[in-house]
Amino acid sequence: MINLKGNFENDINYLSNIIKQLRVDSEMRQEYFAQARRIRDQIYGPQVFFRGLIEISNFCARDCYYCGIRNSKKNVSRYRLTDEQILACCEIGYDIGYKTFVLQGGEDPYFSISDYIRIVSLIHSRWPDSAITLSLGEMEDCDYEQLFTAGATRYLLRHETADPRHYSKLHPEDQTLSNRLRCLESLKTIGYQTGAGMMIGTPYQTTQNLAADLLYLANFQPHMVGIGPFMPASGTPFTDKTAGDLIDTLIMLALTRILVPAVLMPATTALGSLDTEGRRLGLLAGANVLMPNLSPPDHRHDYLLYDGKIQANDDAKANHKLMDQIVKDAGMTVSSSRGDSAIWTYH
Ligand code: SAH
């Protein structure tokens with residue numbers, strides 16, 4: 001369905017044209033979505049993997065222009081969870097049946113690498129049959145290595161946009177795409193199931209940028225890809241910008257599935273926040289992961305990467321019910337396995 005030729009300029013134009021056609025041709029779009037589902041189901045079956053998300057800190061040293069917990073944003077009630085709070089979140093998730101814990105947070109300077117190692121080791125020894133995913137931003141290779149040794153086997157670090165000029169319009173000067181990509185390369189080399197990804201509809205994004213994202217993903221072949229619409233966050237430089245488009249996001253999910261067949265790909269919370277049907281439609285476009293929020297309810301409303309984030313008030317069990325229904329409505333079933341990548345071997 002998609003034939004890349006290995007020539008950068010040509011491939012970018014080719015992919016841009018496909019995206020443009022898919023935007024206007026709903027029949028063609030449905031064919032691509034069906035193809036994406038077939039590829040997914042051949043590899044994983046029509047199953048959805050649940051990942052319990054624990055937002056461990058909203059302190060952040062970085063200043064990404066789009067992000068609602070960026071360092072210079074005022075009026076954020078900052079928090080970080082204690083070891084006990086994190087373990088309590090895991091326990092609730094494990095009891096519901098989740099076999100993956102995702103620890104996500106801002107780049108919180110208070111946490112040293114030994115703090116992270118301690119937390120990963122605690123979870124790993126208590127729930128050895130569960131996978132630990134980290135989403136804690138950019139680090140040195142030696143830190144990633146130590147965390148892998150401690151028991152984390154997956155790492156999410158969205159590349160955000162594969163075009164360096166576009167990247168520089170979304171981040172301050174001291175944050176570079178080249179460092180982000182260096183981290184992703186290292187994570188994969190160390191042996192992590194590695195997750196890249198991007199927001200759809202960020203300010204200044206062109207169709208060519210989206211094509212460049214697809215080309216990057218096709219070449220890098222990450223184990224996981226997170227794709228969600230950009231959503232404006234109040235108190236940030238992008239507060240007045242328009243949110244990303246639902247159809248564009250679904251198109252990018254389907255094209256990613258076709259180009260990275262074994263990818264584990266969430267129907268993201270941002271997609272569900274943009275549209276009440278967003279996550280079900282994401283599954284129908286080739287996604288196969290949902291990420292229920294396990295963060296303590298009293299801190300949910302403080303981890304607002306963007307305005308209108310859903311689940312801010314739900315408790316874990318209520319949330320699980322809702323997600324279960326989304327899976328059923330998409331004609332899929334909930335997997336009880338850890339849901340490792342089909343192309344990953346632990347080494
Ligand atoms: N500090 C970690 C986690 C960042 S939050 C890291 O650097 O990877 C996880 C993801 O949320 C980001 O990678 C970004 O793609 C997404 N995000 C942040 N702000 C957003 C917004 N306003 N709208 C939609 N997604 C956003």
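Since this is a predicted model, take the numbers as computed values, not measurements. As the structure lists them, so they are numbered: ligands from 1, and atoms in each ligand from 1.
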*asked:* Please list all pairs meeting ring pair (Phe, Tyr, Trp, His ring centres under 6.0 Å) that have one or both residues in residues 320-342, counting only residues at least two apart or in different chains.
replied: F50-H320, Y98-H320

*Taking ring pair (Phe, Tyr, Trp, His ring centres under 6.0 Å) as the test, write out the residues that go with Y192, two or more places apart.*
F148, Y155

_Using only atom types and a distance under 3.5 Å, with no angle test, would you say the side chain of D307 pairs donor to acceptor with the backbone of S234?_
yes

_Once ring pair (Phe, Tyr, Trp, His ring centres under 6.0 Å) is applied, what residue pairs with a partner in residues 158-188 remain, sequence neighbours excluded?_
Y66-H171, H159-Y216, Y167-H171

_We want to know whether N293 and R300 form a side-chain donor-acceptor pair, criterion being a heavy-atom distance below 3.5 angstrom._
yes

*Could you pull out the closest heavy-atom pair between L22 and Y32, with the gap in Å?*
CD2-CD1, 3.7 Å

Ligand 1 polar-atom proximity to protein (N/O, under 3.5 Å):
{"from": "ligand 1", "atom 1": "1 (N)", "to": "G105", "atom 2": "O", "distance (Å)": "2.9"}
{"from": "ligand 1", "atom 1": "7 (O)", "to": "R180", "atom 2": "NH1", "distance (Å)": "3.4"}
{"from": "ligand 1", "atom 1": "7 (O)", "to": "R180", "atom 2": "NH2", "distance (Å)": "3.3"}
{"from": "ligand 1", "atom 1": "8 (O)", "to": "R180", "atom 2": "NH2", "distance (Å)": "3.1"}
{"from": "ligand 1", "atom 1": "13 (O)", "to": "E160", "atom 2": "OE2", "distance (Å)": "2.5"}
{"from": "ligand 1", "atom 1": "15 (O)", "to": "R158", "atom 2": "NH1", "distance (Å)": "3.0"}
{"from": "ligand 1", "atom 1": "15 (O)", "to": "E160", "atom 2": "OE1", "distance (Å)": "2.7"}
{"from": "ligand 1", "atom 1": "15 (O)", "to": "E160", "atom 2": "OE2", "distance (Å)": "3.4"}
{"from": "ligand 1", "atom 1": "22 (N)", "to": "Y66", "atom 2": "O", "distance (Å)": "2.9"}
{"from": "ligand 1", "atom 1": "22 (N)", "to": "M231", "atom 2": "O", "distance (Å)": "2.7"}
{"from": "ligand 1", "atom 1": "22 (N)", "to": "L305", "atom 2": "O", "distance (Å)": "3.3"}
{"from": "ligand 1", "atom 1": "23 (N)", "to": "M231", "atom 2": "N", "distance (Å)": "3.0"}
{"from": "ligand 1", "atom 1": "23 (N)", "to": "M231", "atom 2": "O", "distance (Å)": "3.3"}

